[in-house]
2 protein chains.
Amino acid sequence: MRAVNPASGEALGHSFDMKFARSSRADLDAMADTAFDAIDFLADAPGAQIAGFLEDYAVRLEGDRAGIAQIAHEETALPLAPRLSEVEFNRTTFQLREAARVLRDESWREIARDEKNNLRSTLVPLGGAVVCIGPSNFPLAFNGVSGGDFCAAIAARNPVIAKAHPGHPNTTARLFAHACAARDAAGLPKAALQLFYDCAPEDGEALLAHAGVAALAFTGSRASGMRLKRVCDELGKPASLEMSSVNPVFVASAAGEARAEAIADAWAASVMLGGGQFCTKPGVIFVAGEKAAARVAARAAELMRAAPPAVLLTESVRTHLARAVDALRGAGERVLCGGREISPGFRFEPTLFAVDAAHARKFRSLVMSEAFGPLGIVVAVESDGQLVDFARGLDGQLASTIVSDAADAATRATLLGILRFKAGRVLDEAMPTGVAVSPAMVHGGPMPATGDARFTAVGLPAAAKRFSKALCLDRVRA
Amino acid sequence: MRAVNPASGEALGHSFDMKFARSSRADLDAMADTAFDAIDFLADAPGAQIAGFLEDYAVRLEGDRAGIAQIAHEETALPLAPRLSEVEFNRTTFQLREAARVLRDESWREIARDEKNNLRSTLVPLGGAVVCIGPSNFPLAFNGVSGGDFCAAIAARNPVIAKAHPGHPNTTARLFAHACAARDAAGLPKAALQLFYDCAPEDGEALLAHAGVAALAFTGSRASGMRLKRVCDELGKPASLEMSSVNPVFVASAAGEARAEAIADAWAASVMLGGGQFCTKPGVIFVAGEKAAARVAARAAELMRAAPPAVLLTESVRTHLARAVDALRGAGERVLCGGREISPGFRFEPTLFAVDAAHARKFRSLVMSEAFGPLGIVVAVESDGQLVDFARGLDGQLASTIVSDAADAATRATLLGILRFKAGRVLDEAMPTGVAVSPAMVHGGPMPATGDARFTAVGLPAAAKRFSKALCLDRVRA
């Protein structure tokens, strides 16, 4: 594995490069064996000791803020400031401290007592490591060695075996060095946190089957997620999977007529944010009323045409985006702007398609498939009734937005009644990009958005429960 | 389907018999279509209205206590009193009232608010029916139309499509009649609760795939559970599966030496309770020390030899039990007592095997497989260290008991540290049969005991969360 600068397409050299070898099955077996050294330790350690590790880790990261942000910027082409050095950085350290908080207050445990029957129930760790596989698009806040799944797994007192994303190995190595220093300073066993960079898919599956591994946390593509889900399902091991979502926006007719351009402004900005590489990108906007839809499309095209090409995270992201654009074109969809790869590096023009309702129904799986990158689709539907029909036909989503005015109240209520079952998060007006880290957040949703709509990947203590086991101590002596 | 009296093996006639036809795929499709009539109603109804239905249902059951218990007794051969008419009956009405309580107090919802970010998160229903498939061994308290899964599904405001167990169709029909009367009196839609008696396996799978069905609750055999798990996993629909467990007892050396006979008394009684047809039956007891193990085996054999044959729930239970006994004999295990089918009806002698540690390792999957019925296995192990080794090698269990004295403190601590990850419930001294219905209960455990160790099937509000979906309302207007 070589680190690459997406802005230039050229290889990046860093002192950590020698570590980026592919791990063999024996290497991975050894990591899973090693995890046993940390399972009981973490289950039994004072919460304050593990919390201290996380808090010290956050401090160490803050001491290397500029360096980490710079490396992440080079590897991902995401903006240095404020995105990496402030927004994502602060989110990362905040999450570490939130995990420390729930370790201290034990709020993740759902403790219940029954004095009469002498029962005590509590969530406990899973008894094995959580394999954390992070995505390309948040090199810090969803990194397997520092991100939300890492925090949740450690909050529930599980060891972590992380896999670095190939898009930012140096960033991961740098984070991991701080994590290890904090781990050692806190007196946690080395096995509490392990990292590998690459493996053959079948060796990854063998790792999941190892007795030292209890669960998977995966954020990435639907194809990889579904493959790993099958492996974990067969093993009976929990898999937290964040996979794919188009996060549709529904614009009711009165709102569309009254303020199509303002809606287009908000939507197009959300589509292009971060190069369109958010899992909450609102990839499709359904607009009731053909005139309103045409106005949304025209305004969005104007904005997207004026915007610079996005530098995508990896060559693979660009390849997939180009394929999605080609497929939409092949289906006869009308491209309003963009659609081309640009040099140097992995650039792509902001791209807008306009689709009518009949086409959207005919090519439903194409229109409603997530495509990472600055690609948006406006679907013109004839009526609020059609809007509702499209909502009813949705697959599971991370988020979905309703845009409505007072005259749209009935449509809005109907959409809310449908979307509550379809999406993990429903918004009035606001675009879905931007996921607040809060105990009241749900970053989840029915398959294929995630693997299980009962859970959230963001927001502690709830997110920690993904990596826990229920235990009742029945008449057990203190 | 014909109802059969297990005590005589003869067919039972009741006025409901004409309903026990096998449902076609079209019938099941129609039920799932119908479920849509109840989804929004239940999601939006006042909690008190649904709670009122459950409370009225409980009252109606109490008004027919003798009749229901009598029919259940005829169909299952379980003791009329106190088992059916009191213990299981009261458990059933208590569970209905617990579900009503959590509907009133909304404690199942896990509501979280974030005023600063204007977020409200809550669990909501799944947006489809829960298919409830109950087991043979609790005709009331785990029945698909009145039992724990039914209560949990309704508590989380989901419609229920129940499948009657073939072992007690008349009981189920009688319960269902009361449920429907209460449902209608409370003004709930008929689609809130539907029942079928039988279907082809492939039609059952098609039912699970229907958009009107959101989840499965299954209590039954491991083979059927795993088949249904694969179907639900592929669909991304939650499946709550309670499958198989041997609930091992570990007797540490000092305790075994000090009181082998008293331990055998408690264990043998637990093995024979309810004809050995509890999912929490402690099917295997590991005893450290060969002398102590021999004493446990001798005393248990004495008790089991003196006990009358158990009348098993169905012919199928007897067939499976006879097969398990034959397989153990075929592996050369030593039968200390019992082992024979007895007439009339589906009777079987209480049966005890004694196994040494080497055999238990060699035939591990045989010894450690659940066999419904009055079958117990004493495994003699040489030392506390071997006891610990067997604990480490366990598959997932619903429950496990440690029997120890003061001198066994270190062994007990080691076993506790292992069993917390292996079983949903760990007990000091007490045998695992007898599951208190309490918010602090965990009736769950890692696969193959259940499909997901994060959940419990008993104890509200937690059990309701199995049939819920997480939702965040993000800047949604009130």
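Numbered from 1 within each chain, the chains take letters A, B, ... in sequence-line order. All figures in this text were calculated on a predicted structure; none of them were measured in a lab.
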Does any part of the side chain of A/Val102, heavy atoms only, come nearer than 4.5 Å to the side chain of A/Asp105, both counted from C-beta? yes
Non-hydrogen side-chain atoms of A/Lys422 and A/Ile418 separated by less than 4.5 Å: yes
Residue part contacting chain A, namely of [X], when any heavy atom lies under 4.5 Å:
X        : value
B/Leu235 : backbone
B/Pro125 : both
B/Glu234 : both
B/Asp233 : both
B/Ser404 : both
B/Arg466 : both
B/Val124 : side chain
B/Lys229 : side chain
B/Ala214 : neither

Top contributor to chain A contacts, counting heavy-atom pairs under 4.5 Å, from [options]:
options                                : value
B/Asn118, B/Val426, B/Asp114           : B/Val426
B/Ser468, B/Gly444, B/Ala470           : B/Ala470
B/Gly128, B/Ala436, B/Ser438           : B/Ser438
B/Ala453, B/Ala462, B/Gly459, B/Pro446 : B/Ala453
B/Gly396, B/Ala423, B/Ala399, B/Pro439 : B/Ala423
B/Ala112, B/Gly417, B/Gly445           : B/Ala112

Residue from A/Arg230, A/Glu429, A/Lys116 scoring the most non-hydrogen pairs under 4.5 Å with chain B is A/Arg230
Between [X] and [Y] (salt bridge meaning N to carboxylate O under 4.0 Å), is one present in this structure?
X        : Y        : result
A/Arg157 : A/Asp40  : no
A/Lys465 : B/Glu110 : yes
A/Asp452 : B/Lys469 : no
B/Asp474 : A/Arg425 : yes

Looking at A/Ser270 and A/Ala266, would you say the former's side chain and the latter's main chain have a donor-acceptor pair under 3.5 Å? no
Donor-acceptor pair, distance only, cut-off 3.5 Å: does the side chain of B/Thr456 make one with the backbone of B/His443? yes
Is the count of non-hydrogen atoms from other residues, nucleotides or ligands lying under 6.0 Å from A/Arg113 atom CZ greater than 12? no
For the pair A/Asp428 and A/Arg412, evaluate salt bridge (Lys or Arg N to Asp or Glu O under 4.0 Å) and give the outcome as yes or no after the intermediate values. CA-CA 9 Å; A/Asp428 256 336; A/Arg412 172 179 173 271; 2.6 Å; yes
